[in-house]
Protein chains: 2
Amino acid sequence: MQESHTSETAQKSIEATIVSGILSAKIRPGTRLGENQLAALFGVSRTRVREAMMRLETRGIVHVSPRRGWFVVEPSAEDAIAVYEARRVVEAGLLRSMAVLTEEGCKALATHLNEERNAMAAGDRQRLTYLMGDFHIRIAELSGNTIIADILRDLTARTILISMLYQSEFHAAQSHEGHCRIFQAMQTGDFVRAAQLSVEHLDEVEMGLDLTARSDPLSDLRSSLSLPPRTASSISQQPHPKITPSKEQ
Amino acid sequence: MQESHTSETAQKSIEATIVSGILSAKIRPGTRLGENQLAALFGVSRTRVREAMMRLETRGIVHVSPRRGWFVVEPSAEDAIAVYEARRVVEAGLLRSMAVLTEEGCKALATHLNEERNAMAAGDRQRLTYLMGDFHIRIAELSGNTIIADILRDLTARTILISMLYQSEFHAAQSHEGHCRIFQAMQTGDFVRAAQLSVEHLDEVEMGLDLTARSDPLSDLRSSLSLPPRTASSISQQPHPKITPSKEQ
DNA sequence: GCTTGCTGTCTTGTATGCAAGAGAGCCACA
DNA sequence: TGTGGCTCTCTTGCATACAAGACAGCAAGC
């Protein structure tokens, strides 16, 4: 952990750190990501932080509110539906395109499902969230197609943000069983069935969302004024718009 | 075309301009995109250009060679295979997920296929290239899923770069027929068949590539030295590494 | 009490300046 | 003639300075 090595790595790791923070549910949607704060945290100048933010913006992970700051996206109900639809398309397409499950792949997934079980037993919810998303990414990875894996990673990050907004209770056992079923189908080489199970699994999770719960309290006024349903700039009507009282710089 | 309006728009349009230039085959793979050149061209400072470049980099459209410059990516043969595989996954998954073809959608596609015919008759190869890629993007657009549409747009851009590198001759008629078949299946509501035809169509195009033609002449030496197949930094062994003699600034 | 306008502070937007490095071209030398 | 090294130019990398705007908090007026 040399200082020099850290700062070298920090260049692209701002992105990775934030994404991994989201994937493990440690960063909530709407979290403010101040350029100065991150710059101080990572020991770099604002320039680098901005670059990372812009990259994350094109990946659909953060968005900028002009002269106000960068925020982790808070997907709207419509966004949520679109993300789940996209995942169904990609994951089903991926499974259907797979021909064999290699020995290593089989082992990797079996190990993963064990980890899920362990986390459930331990009641480690953050780790569980991470594992539940990671299962799908692993499938993409062992298909060998890094393009699809990257796409799915970003979609999974958004999925986790969605679940933090709209999922009242976490049916971990149900998800785990879904994963097991998909794995079983893959083991028997029935990828068409695996794809179908994957779609059903995603449907199930989507159904578990309460997409009306967090609908903003202004929706009545908004609709009577016939404004767009929920713009990016109307976001962050969050309960804690204040920054942590660290005065930074 | 007011000056002010142009410069306001220019901010994000650098990205769009380059992508659209690639989609219509006006920008070749390996093209150098100098920060100063673009800054002068768009009338903005290097800062904005860099932002656009970084966004395009995360989209897989350009890459940077440190202290040498930004270049439009030159996909390797392995990249080409991965891109086609990803497209098969996404497009087949998309078509399978579609339930109905709306009246407008039907009209839009019919119009598009007519445009393809016109461009073929006119022998307008650039426009033809654009249309051939755009067909797939349109399908994604009329599915209503902008996430998938965006993904497919970037993949199509890369596909076109690939075709400029590895496609010796352009079988436009063959592609057009493939599109027609997909459209017919969609019209009859048989999306499973449309998906299957789409996969076959992409296979066909991929088969038309000569993925050994442009393999770099150093491959023998490279493999005997057991170096990595083709690194990003080994790119731009292109015939014209020189910049156009505009002295800029 | 409630609203409305103002002002100070804190944020990002953007340009610019300097440093580091890569590479082309030249020159000396064998 | 061919080869090695040097230098000089041009490129991006990165930090910093300043400008512009958003918002909270306050004060004045109704």
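Everything numeric in this text was worked out from a predicted model, so none of it was measured. Excluded from the calculations below are hydrogen atoms, water molecules and symmetry mates; all remaining heavy atoms, backbone and side chain alike, are included.
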**Study point:** Ser65(A) side chain to Arg68(A) backbone, donor-acceptor under 3.5 Å
**Key:** no
Check your understanding: Could you give all pairs that pass the salt bridge (Lys or Arg N to Asp or Glu O under 4.0 Å) test and reach residues 130-140 of chain A, with sequence neighbours left out?
Key -> Asp134(A)-Arg138(A)
Review point. Arg32(A) side chain N/O closer than 4.0 Å to the phosphate oxygens (OP1, OP2) of dT12(C)?
Key: yes
Exercise for review: Please state how far atom CZ in Arg67(B) lies from atom P in dT12(D), giving the value in whole angstrom units.
Suggested key: 11 Å
Exercise for review: Give a yes/no on whether any side-chain N or O of Arg68(B) is located under 4.0 angstrom from OP1 or OP2 of dG21(C).
Suggested key: no
Check your understanding: dA15(D) phosphate, OP1 or OP2: any side-chain N/O from Arg46(B) under 4.0 angstrom?
Key -> no
Review point. Would Arg48(A) and Glu35(A) pass as an ion pair if we require N to O under 4.0 Å?
Key: no
Check your understanding: Taking OP1 and OP2 of dC14(D), is either one under 4.0 Å from a side-chain nitrogen or oxygen of Arg48(A)?
Key -> yes
Point to revise | Phosphate OP1/OP2 of dC14(D) contacted by Thr47(A) side-chain N/O (<4.0 Å) | key: no
**Study point:** 5'-most by nearest nucleotide on DNA chain D - Met54(B) or Pro66(A)
**Key:** Met54(B)
Check your understanding: At their closest point, which heavy atom of Ile148(A) faces which heavy atom of Val90(B), and how far apart are they?
Key -> CD1-CG2, 4.1 Å
Practice item. Please report, rounded to the nearest Å, how far the C1' atom of dC18(D) is from the CD atom of Glu35(A). Key: 15 Å
